Each structure stands twice: as C-alpha cells, then as structure tokens.
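The structure displayed is predicted, hence computed values, not measured ones. All chains are named by letter (A, B, ...) in the order of the sequence lines, taking the proteins before the strands, and each is independently numbered beginning at 1.
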Amino acid sequence: MRRRTLTAPLPVLNRMLSQKDAAMNLFTQIRTLVIETLNAMQAEGALPEGLDFANVAVEPPRDPLHGDMATNAAMVLAKPAKMKPRDIADALATRLGNDPRVVSAEVAGPGFLNLRLDADLWHGVLRTALKQGTAYGRSDMGQNKRVNVEYVSANPTGPMHVGHTRGAVFGDALASLLDYVGYDVTREYYINDGGAQVDVLARSVYLRYLEAHGQEVAFPEGTYPGEYLVEVGAALKDKVGGAYVDQPEEVWLQEVRVYSTDAMMDLIRGDLKALGVEMDVFYSEKSLYGTGRIEAALKALDAKGLIYRGTLEPPKGKLPEDWEPREQTLFKSTDYGDDVDRPVQKSDGGWTYFAPDIAYHFDKIERGFDMLIDVFGADHGGYVKRMKAAVAALSDNRVPLDVKLTQLVKLYKNGEPFKMSKRAGTFVTLRDVVDQVGRDVTRFHMLTRKNDAPLDFDFDKVMEQSKDNPVFYVNYANARVHSVLRKAAEAGMTFTDADLAAADLSGVTHEAELTLAKKIAEWPRLVEIAGRTNEPHRIAFYLYELASDFHALWNRGNDTPELRFLQEGNTDATSAKIALAKATSVVISAGLGILGVTPAKEMR
RNA sequence: GCACCCAUAGCUCAGCUGGAUAGAGCGCUGCCCUCCGAAGGCAGAGGCCGUAGGUUCGAAUCCUACUGGGUGCACCA
C-alpha cells in the first residue's frame, strides 16, 4: 500500500495523505511524501532497514531561488545508513521526481534536496484557505489536552499598569494560540488576596473613608496614596456610615479587606474588559486559607519525604543586616532542580507566600490539567525554579509547567522617554494606554517583541499611519483587500468565498503572486511552531511578512496592470486574483484573531 | 557570592526540534513616483552573530569557561 503511493494518481494521493494532516499543512504533506518514499526505498533495499526518520525535516529554504521546499533527509540518514549523502539524495530525488506534485527535485550543497512544486499545489492552498476561513491553519497538535494558562494575576491593590498590560496581552494571545493548535485552554487569574498587601490596601481605603468623613488624613510610608481609592473610601462611607470612624482595626479590618479587594477586582475586571481579556477562572488565594487546602498540598509533599524542619545557610556574598539562623519548615525543592530548599512556614508559624502558591498549583494539578503555564513579570524570574520544583514534585513529573516571563515596557512619548513616578502621579495605567491608542494597537504592539525582550512603547509612533508601524501595515493590507472587494462589487462583480474557492486559479502564475500564495501556505506551519514554543510574537512577525508580500504585489499592479486584483470587464481573471487577495485576508484575520486584534476593513 | 534572562548591521529587533551565501524595519546612499492602486516604490552599501574552546557532516542556535548588561536572592507578596 505504501509503495503504491508512488504511482497512485494525484487525487488518490491527496486523499491518502490528507486524512491525518487535514490537508492544511502542505509542509507536513510533503514530509509525509518524503517519509513514504524513504519507506519504499527501504522495502526495495535502496536503504538499510531500521532507520529512524524522526529528524527528517521538510522546510522552506532560506533562499527562494533554491526552490519551494527543502529536505535534509539525505544528510540526516547518511551516517546511520552508512551511505554518502549525495547517493541517498540522488536516489530520493529520482523517486520524488515521479510524484505528480513534484516538478523538480535537485540535490544541492552538502546533500540538501530542493523541491519545486506544481503551481496547482499553491492554488490548492488558496482554495483551502477560502473554504476553511479563519479555521485554515488550525491544528490538532494539542490533541485536546487540557492546558491552564495563568496570567495577569495582578495584586488586587490598584488598577492595572503598563507592565500588567503586557502580561495580560501576552497571556491572552498565548491562550488563543494554544486553543488554535488544538488544546483545551483555561484562562485563569490568581487573585493575591491573602497576603499582607491586602491589609495595606484596607488601611489605605480606611484613610480615604475617614477623609470622606471630613477628616484630615496623611498617608504614611507603606500605604497606597493613589487617587483611585478616594471613591472606594467614599463608597464605603455610603455603605457603613460612621460605623468605623475612630474605631480600632479589630473592628473594621476584616470587613474593609473584603470590601476593598472586591472593589479592586471590579476595577481590574474593568481594565481587562477594556483590553478584551476574558478570564475563565478567577482563583482566590484567600480561599486556600483555613480550608485545609494548604495543609493538604504540604501533606502531599510530606508524604514524598520532601518536607522537613531545618535551618538555611545565609546567602553568600550579600548577608542581610538582620540575618540570624532560624529553624523553619522547608520544602526540599533541591530534589527537583532548585538551588536551595524553600521555606513554606514562617518562624511565627504563619505560611510564607510560597505555601499558598504550592496549594494553588496542587489544585490545578488535581483539576486534571495536562499542562500548566504561568505568565510572570521578569522580576519574578527567581521564583521559577521553586515553582517548577513544586509542580514536578506534586505531579510526580507528570504535568509540565512552563513559566513565561514578560520583560519591562519602556514608555516613550514622541521619542522621549516617558518617566513614570507613582509619587508624581505620572503613573501610567492600562486605561491610560488603551484610552489613548486603542485596544487593537495596544495588543498588537505588545506582541511585536519576544516576551523576554524589553519592549519600547511610544505613544506617538504606535499611532503612526505608515509602513514603519506594523500595526498599521498589517491592517492596511487587510483594508486593501476589502477595498478591492468593494470596488469589484461596484463594478458588478460580487464573490462569495465559495465562488472564489471554486474559481479557476490557473492564471495565478506570476512570481509575485506565487510568493504571496507560498507565504499563505506557510501559515499552518508557522502556527504550529508558535504553539510548540509558546511564542505568540511569531504570529505578529509572520503577519508583517505576509502583509509585506501582499503590499509588494499590490505595488506591482501600479506598473503591471495584469497584476491588479481588479481586472475590469474580466470576471474570470478577477475572481482568480481576488481569490488570492481574499485568502490573504483570511489568514490576516485568523492571525489577528489569535492576537485579539480586530481586522480593519478600511483605514480612516 | 549564587541563580535566571539577555548579547546578531550605526539604531531597534527577528531568526523554525542545529542546515545552504545570517534577515526585517529605521537610519544612510542612489534612482523613480508625487498616480487616490492614497497614507510612497525600487535598488545598494552596511556582519568575526560578545570572546575563547568543545560536540557535529554542518553551530547565531547545543555544551563549557570567560566578558559585558538586566532581574532576583531567609521569616515580603
């Protein structure tokens, strides 16, 4: 059966190869062809038995002049097969050349095999994109595994600021990306409402409450003087009247804590909404206290012999002033790759912040997730190892935890650094950013950099309508497609995607057109790479390249009328050209959808 | 002192589970356009991928050691 694939007619081949790969990813299709051919070669004795084809790759060549796709098969197999790479490559080339999809197969360099593919394959890609719409590129790579993406998790002590914004956008895009490649994704926010910072919040709100009662108040060190608490204090006054005035903390602290965190979470939910982020779960840290959850998690670790009483060595090189040896309850995280064991209980018997975090991740494991992802700010980098250790220990290495760190956002205004200072009140919040530049621009721009690289955000530049601005450039490409569709309709030509998918595309042959089609063919592959690496920024970069190829073709139309999408008075030719344009738009829409950006149909 | 992240063109950055002559934008140089297919186009110069070793048929990519930057380092979250 496998050998027959070499001589089977094209439609049969396509059907056979497409079943598993859903026919969407041309690269995996061709890779399958290569593997099948290698199998056939083994059966014929042209290759020794027992070779591992896992490292055989089919990739786009760096230089398009080399062809459409390249495979490293000969080089990877040369050693285990005890053959010369050229010999394998030659034999493989001859056989692949017999496949109707392969126009030419040439050996190059040290043993690369460069393939040129029949133009109809690229046309097929366009048809697939038009038929499947924004589902084109979806993958079953995730096998419906359940993944929990925890992101934002800002302390409920104030509005979200720019740093949170990046984490929110990144986490949200990552979650969408994973959904797109076939994971069952839960978006989750961990509310840090259990620690001492909530007491600080409560006291700050209390001061605003007194202020609402006409008292003169001062905000000592260690309280939050932010204006945003004024209305919370006033609202508290409306609720309880003068009940807490001049009362000791025992009377009001618990109540005000709850009241304040609720108010802050309302604020944060509003911020998230403004950014278009919708969480599936808000998980309260506080809910872990006094419910036995923390104790249960630590007991699970204890059962594995990972909890003990001990005294840590002082950190070398930089001894804290008030250092003194202290016996604590420790988690033996060094068994799982951490540098030192970590305390879970303070000397006064209370939990450290790490304890509820362990319990929280234990809870995620118990909820049955196959994979966990935490998105933290880069300043929490030192926390990664212990968290991974805890998850590894609690799940017996079954549940992988990937921690993604987001680097700083540096703000600029017209090229000048924009200094932030909480004291001076120039504290830039998520709302400031979204209100000024809009949700889409914010989201896209936040993803134009790898998560662990610092990001420049210039309020003016991100709004610029020019090629220099990726947000604009990508949207502009999409707008141009829709402009063509509108113009075509004015000229009496309207096309549904089904019309376009059924159109005769044999006229789409120009190099600039095929370049664009090939870029569209790369989309499913790119998505899988981005999904595998948990790197949504790759989507943004790809979209920029796709837009660039589209604009290049568009510009060619200025000099070469045959390359214009709109061919006056020629419905057939126009439908083929527009199929290409619309397929581009489909991919842009799919990509922007993952990033959480609304594709623009026109520029204003 | 230790750990983690980073180091690629003058600047800001991409670079796929290791692949061919390392890419993009800005800036620079030259040419073209100033046409609503508009918010420019085309071309060119520009690189010891921080340094030194190692693994490999093959390294910007993996390993080791350095150098330089960022972050974090017991009872704060």
Side-chain angles (χ1 to χ4, degrees), chain A residues 54-55 57 59-63 65-66 70-72 74-76 78-79 84-85 108-112 114 155 157 192 194-198 200 285 311-320 322-328 330 338-343 345-354 356-357 377-385 403 405 407-408 448-456 461 464-470 472-473 476 480 483-484 487 522 525-526 528-530 532-533 535 537-538 540-542 544-545 548 551-552 554-559 561 563-566 603:
Chain A
N55 288 326
E59 302 174 313
R62 185 166 295 166
D63 188 341
L65 291 174
H66 291 145
T71 178
N72 61 355
M75 286 180 292
V76 170
K79 199 175 194 181
K84 288 179 187 166
F112 276 104
N114 291 326
N155 288 341
T157 55
N192 288 111
Q197 80 281 2
V198 180
V200 174
E285 176 193 357
T311 309
L312 289 173
E313 294 288 310
K316 294 191 174 71
K318 210 180 80 175
L319 192 65
D322 57 345
W323 169 265
E324 54 182 80
R326 211 175 265 118
E327 198 191 53
Q328 299 167 303
L330 299 164
D338 202 357
D339 308 307
V340 290
D341 293 337
R342 305 292 176 176
Q345 212 166 12
K346 297 189 272 191
S347 50
D348 67 2
W351 302 118
T352 64
Y353 60 90
F354 187 36
D357 258 347
D379 56 342
H380 286 63
Y383 200 53
V384 173
K385 280 191 178 182
V403 181
L405 303 177
Q407 263 291 356
L408 288 176
T448 54
R449 210 99 301 177
K450 204 160 47 181
N451 58 289
D452 57 5
L455 171 82
D456 289 346
K461 283 187 181 166
E464 214 169 88
Q465 303 219 331
S466 77
K467 187 185 169 160
D468 312 347
N469 184 357
F472 168 80
Y473 197 59
Y476 187 26
R480 275 181 157 172
S483 163
V484 165
K487 289 251 174 72
E522 274 184 49
R525 182 172 182 275
L526 183 281
E528 289 205 351
I529 292 169
R532 194 163 49 232
T533 52
E535 293 182 341
H537 76 275
R538 291 174 189 269
F541 279 93
Y542 168 84
Y544 184 82
E545 290 167 14
S548 178
H551 287 307
W554 180 281
N555 292 328
R556 294 289 285 270
N558 289 330
D559 300 329
L563 290 179
R564 295 188 173 202
F565 293 101
L566 198 56
M603 307 308 292

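Closest approach to the A/Ala108 side chain among B/C75, B/U56, B/A20 is made by B/A20 (side chain taken as heavy atoms from C-beta onward).
Relative ring orientation between A/Tyr383 and A/Phe354 is described as perpendicular, the plane-to-plane angle rising above 60° on a 0-90° scale split at 30° and 60°.
With sequence neighbours excluded, no residue satisfies salt bridge (charged side-chain N to carboxylate O under 4.0 Å, His left out) with A/Asp456.
For the pair A/Lys385 and B/C4, the criterion of a side-chain N or O lying under 4.0 Å from OP1 or OP2 is met. Under 4.0 angstrom from either OP1 or OP2 of B/C76 there lies at least one side-chain N or O belonging to A/Lys346. Close to B/C75, at under 4.0 Å from its OP1 or OP2, lies no side-chain N or O of A/Arg342.
At the heavy-atom level, A/His380 lies under 4.0 Å from base atoms of the strands shown. Residue A/Thr533 is classed as a sugar-phosphate contact, given heavy-atom separations below 4.0 Å to backbone atoms only. If you check every strand for non-hydrogen atoms under 4.0 Å, A/Val76 touches a base. Contact annotation for A/Pro470: no contact, since no heavy-atom pair falls under 4.0 Å across all strands.
Taking the centre of each ring, A/Phe112 and A/His66 stay at or above the 6.0 Å mark.
Atom CD of A/Glu313 has 12 or fewer neighbouring heavy atoms from other residues, nucleotides or ligands inside a 6.0 Å radius.
Taking a pair as Watson-Crick or G-U with both hydrogen-bonding distances under 3.5 Å, the stems of three or more pairs touching RNA chain B are B:1-5 with B:69-73, B:10-13 with B:23-26, B:28-32 with B:40-44, B:50-54 with B:62-66.
Going from atom OH of A/Tyr476 over to atom CD of A/Gln465 covers 9.5 Å, rounded to the nearest 0.5 Å.
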